[in-house]
There are 2 protein chains.
Amino acid sequence: MENAGTSGLVSGAIGAISRHIREKELMPGDKLPSEAILSKELNVSRTVVREAFRSLAAMRIIELATGKRATVAQIDHGAMSLMIEHGVHTDQINIQQIYDVRRTIETRIVTLASIRRSDTEAAEILDLAAQMRRSMDDPAALMEHDLAFHTALARASRNPVYSLLIGAFQGITRQTWPIGWKSRSTQASRDLMLVTHVEIARAVAASDPQKAVAAMSLHFDESVRALLTAGLS
Amino acid sequence: MENAGTSGLVSGAIGAISRHIREKELMPGDKLPSEAILSKELNVSRTVVREAFRSLAAMRIIELATGKRATVAQIDHGAMSLMIEHGVHTDQINIQQIYDVRRTIETRIVTLASIRRSDTEAAEILDLAAQMRRSMDDPAALMEHDLAFHTALARASRNPVYSLLIGAFQGITRQTWPIGWKSRSTQASRDLMLVTHVEIARAVAASDPQKAVAAMSLHFDESVRALLTAGLS
DNA sequence: GAGGTCTAACCTGTCAGACAGGTTTAGGGG
DNA sequence: CCCCTAAACCTGTCTGACAGGTTAGACCTC
């Protein structure tokens, strides 16, 4: 009775275009045929091709731009971020569950980062931790540095899937971060958070996976507690 | 110089519709306004609303069906699966990287599953492992049971984000699984794989997280080795 | 009054054609 | 050989139309 994914001209076009990308082994940046050509080849109206393009663009599989032809896109976490946000807003996922996943993958990330980070990356991570400390009185800036810190760690893991995943959680984290920050009411608890980040950075820079994991673990214990204190289910 | 995500009438419509869902606190299954109404409210043509709907449907944020109005959708791994496949086909992600992520999260999954699984779930997981054994001579069926096994474990973890992630890797796994199976050329290596699954199932059923993690770890060691043997970068 | 049926109103899927810009390309002039 | 321009190409958006699926209410029967 259900067929949503495969029936309909648009779904057919999506499939045909995806196949085209695979078969021609197109790489990010490569151009796709124009809407007019595709609509002729697939025997459908331009409307159908356009809706197929939009669908693929929504998943960041292709990239659209006015005047230019569509191109194959680089993977990007934007779409995943929206999906996760949607899941949270519709009560299908809660914040604690996201934190469990983040803890799991970020623990692995710091292990890999400790082993694989370049010196430049180590410096960047250290610097981001320092910037966090400096922007202690500006929550918005602090949050951005915090997010950038975790993103940099993911990148240093040299596994793009981890970067993708960390990026996917960023959207919803932006919305919950202030809650956690506010619930750290004492100066001591705020300091602790900043110090923990510095500790993580130092351990990664020192190529000490065990210490890095321990610090990251502490960070999550503390974060989860902060969110629970704030009453976040 | 870049603005792809926020400019254009369609992006505006996507934003407006997303906001509508959040502000009205719509839950999965709830209906959205019709295309005609939305196009009037947003002062854009029906074309624009339709393309916005398609985009949201591609991310499985909403669900479309002919004749009926669009509804808010349940989270679904379909879109993520396509994104991952795209990443692999365009050489932005390789299989080993995916296996590293899977190992990381599946290790956590069996820990949670061991603690939280219901008796029904335990029985199901045990049964799936048994079915794998029985379909040893039918690779297609074996693969499906294998995938179902890991999906069932994720579900038993009681964290929908893990289910989502496991689902997201399923598409690409379907394409690489046969490679791994073929590279297990000896009867002994094939038996090992089946036995390992049974071990995981038994450990979860026995609520023994440590044993479950050990077995899962072994499973991934073995899988990664099989793929490396097959020459998969 | 309850239940069932049928029709009219509503809604989505697809098509065709049109036009305003943005982009690329080929040619022509210096 | 380089630069500049105009034509060709391409996408974004709008309008109007029609087929076919869905729904709700009117109506009819028991």
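Per chain, numbering begins at 1; letters A, B, ... match sequence-line order. From a predicted model like this one, the values you see are computed outputs, not experimental measurements.
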Round to the nearest Å and state the distance from [X] atom [atom1] to [N] atom [atom2].
X     : N      : atom1 : atom2 : answer
B:I62 : C:dT12 : CD1   : C1'   : 12 Å
B:L64 : D:dG21 : CG    : P     : 17 Å
B:L42 : D:dC14 : CG    : C1'   : 15 Å
B:L9  : D:dG12 : CG    : P     : 11 Å
B:I37 : C:dT12 : CD1   : P     : 9 Å
B:R69 : C:dG13 : CZ    : P     : 14 Å
A:E35 : D:dG12 : CD    : C1'   : 9 Å
B:E51 : C:dC15 : CD    : P     : 14 Å

So what does A:T47 touch, heavy atoms closer than 4.0 Å: a base, only the sugar-phosphate, or nothing? base
Between [Y] and [X], is there a salt bridge with N-O shorter than 4.0 Å?
X     : Y     : value
B:R69 : B:E35 : no
B:R22 : A:E85 : yes
A:K24 : A:D30 : no

For B:H197, which of B:H145, B:H150, B:R133 qualifies under side chain to side chain contact (heavy atoms under 4.5 Å, CB included)? B:H150
Looking only at the side chain of [X] (C-beta and beyond, no hydrogens), which of the listed nucleotides [options] gets closest?
X     : options                : value
B:R46 : D:dT23, D:dT13, C:dG13 : C:dG13
B:R50 : D:dT13, D:dC10, C:dG13 : C:dG13
A:V48 : D:dT22, C:dC15, D:dT11 : C:dC15
B:K31 : D:dA24, C:dT14, C:dT12 : D:dA24
B:S45 : D:dC14, D:dG12, D:dT13 : D:dC14

Does a donor on one side chain and an acceptor on the other come within less than 3.5 Å for A:H20 and A:E41? no
On the side chain of A:R54, is there an atom forming a donor-acceptor pair with the base of D:dT11 - under 3.5 Å, no angle test? no
